[in-house]
Protein chains: 2
Amino acid sequence: MLDTYAVIAEPSRRRILDRLLISDSSVGDLVQDLGLSQPLVSKHLRTLRESGLVRVQIEAQRRIYSLDAGPLEDVDEWLSAYRAKWNRHIDALAAHLDQRKKSREENGK
Amino acid sequence: MLDTYAVIAEPSRRRILDRLLISDSSVGDLVQDLGLSQPLVSKHLRTLRESGLVRVQIEAQRRIYSLDAGPLEDVDEWLSAYRAKWNRHIDALAAHLDQRKKSREENGK
DNA sequence: TTGTATTATAAACTATTGGTTATATAACTA
DNA sequence: TAGTTATATAACCAATAGTTTATAATACAA
């Protein structure tokens, strides 16, 4: 079984998740909207199901899939340690631009 | 070339990033601290370098690697759309617990 | 220059995975 | 019941990726 990181590494699976973010949908809906083959969608849905990112609800012959964002929280938590870093990056950029601006102003003086 | 999602899907690479979060370090440092083979570390560092997540600084025979969290911002942005969902999940849980508490209080009354 | 450290690269192997095609399963419909 | 719709599964293929072993490249030290 794939962990959450591996599951979201696959572009088609992210597209499926993004689609389910809009609304619950059947396999057929996903096939239509994403332009993927039905077996492929079913296969991706299986791994999404097994990793706990989606839930199924049987409705006659259809399976209605819905999002469960829960597992993504782990990824978010891991990312949080890095958030400070790229903010620092932005801060550095801002300082740099600020410096340039200051220089220009002084030259224009 | 692997995209950011694929790069962080690999556990050893996440360990390398986590290590670089603490301090810049040479390849040898990483090999020691993570207990991975030197060629493996070098290979992972290559993909990390190519995806822009680390930077190298040559210092004599050593290569000092440092973190660049920038690319992780894309992942964070993608995740942000889902944040509301798991918050809703937490809200639902909170509401549930609240309900239980209320019930207990009423029973105790 | 010769030897030693440090790191990168090449080659090869194995396992895994995304994808397709074909088929089975199950529920609805006429 | 027979046919149709919706989905899952199996078998297979091609490509890729992680890992190891062996070797090359580069800089320092004696």
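Excluded from the calculations below are hydrogen atoms, water molecules and symmetry mates; all remaining heavy atoms, backbone and side chain alike, are included. Numbered from 1 within each chain, the chains take letters A, B, ... in sequence-line order. Here the structure is a predicted model, which is why all the values come from computation and not from measurement.
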Within a strict 4.5 Å, meaning less than it, do heavy atoms of the [X] and [Y] side chains meet?
| X | Y | result |
| --- | --- | --- |
| Ser51(B) | Asp3(B) | no |
| Val31(B) | Leu36(B) | no |
| Leu48(B) | Val7(B) | yes |
| Glu73(B) | Tyr82(A) | no |
| Val41(B) | Leu34(B) | no |

Item to check | Contacts of type side-chain contact (heavy atoms from CB on, under 4.5 Å), residue Asp24(B), not counting sequence neighbours | outcome: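 Expected list: Ile64(B), Ser66(B).
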Please enumerate all protein N or O atoms sitting under 3.5 Å from an N or O of nucleotides 25-30 of chain D, with distances to 0.1 Å.
none

Next on the checklist: Using five base pairs at each end to define the local axes, how bent is the helix from dT1(C)-dA30(D) to dA30(C)-dT1(D), to the nearest 10°?
Outcome noted: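 Axis-to-axis angle, ends of the helix: 10°.
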List in chain and number order the residues that pass side-chain hydrogen bond (donor to acceptor under 3.5 Å, both in side chains) with [X], two or more places apart in sequence or in another chain; answer none if no residue qualifies.
| X | result |
| --- | --- |
| Ser42(B) | Gln38(B) |
| Arg62(A) | none |
| Thr4(A) | none |
| Gln61(B) | none |

Checklist entry - Rounded to whole angstrom units, what separation is found between the CE atom of Met1(B) and the C1' atom of dT16(D)? => result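 The answer, rounded to whole Å, is 16 Å.
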Checklist entry - Taking DNA chain C as the partner, which of residues 17-24 of chain B come within under 4.0 angstrom of it by heavy atom? => result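 Contacting residues: none.
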Checklist entry - With sequence neighbours excluded, what pairs up with Asp18(A) under the salt bridge (Lys or Arg N to Asp or Glu O under 4.0 Å) test? => result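 Asp18(A) satisfies salt bridge (Lys or Arg N to Asp or Glu O under 4.0 Å) with no residue once adjacent residues are dropped.
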Checklist entry - Which is true for Leu2(B) with a 4.0 Å heavy-atom rule: it touches a base, it touches only sugar-phosphate, or it touches nothing? => result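 Touches sugar-phosphate only.
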Checklist entry - Do any pairs count as a salt bridge (Lys or Arg N to Asp or Glu O under 4.0 Å) and have a residue in residues 26-49 of chain A, sequence neighbours left out, and if so which ones? => result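 Only Arg19(A)-Asp33(A), Arg46(A)-Glu50(A) qualify under salt bridge (Lys or Arg N to Asp or Glu O under 4.0 Å).
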Next on the checklist: Does anything in residues 25-42 of chain B come within less than 4.0 Å of DNA chain D? Heavy atoms only, and list the residues if so.
Outcome noted: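 Per residue number, the list reads Ser37(B), Pro39(B), Leu40(B).
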Checklist entry - Earliest and latest nucleotide of DNA chain C, 5' to 3', sitting under 4.0 Å from a non-hydrogen atom of chain B? => result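 For DNA chain C, the relevant span reads dT6(C) to dT9(C).
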Checklist entry - When you match Ile64(B) and Ser12(A) each to their closest nucleotide on DNA chain C, which lands nearer the 5' end? => result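 Nearest nucleotide further toward 5': that of Ile64(B).
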Next on the checklist: Between Arg13(A) (side chain only) and Ile8(A) (backbone N and O only), is there a donor and an acceptor less than 3.5 Å apart?
Outcome noted: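 Pair absent, no side-chain N/O of Arg13(A) close to backbone of Ile8(A).
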Item to check | Arg63(B) (side chain) donor-acceptor with Gln57(B) (main chain) under 3.5 angstrom | outcome: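 Not at all, since once roles are kept as given, no pair shorter than 3.5 Å links the two residues.
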Next on the checklist: I want to check a possible cation-pi pair here: Arg55(A) against Tyr65(A), using under 6.0 Å from ring centre and within 45° of the ring axis as the test.
Outcome noted: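 No cation-pi geometry.
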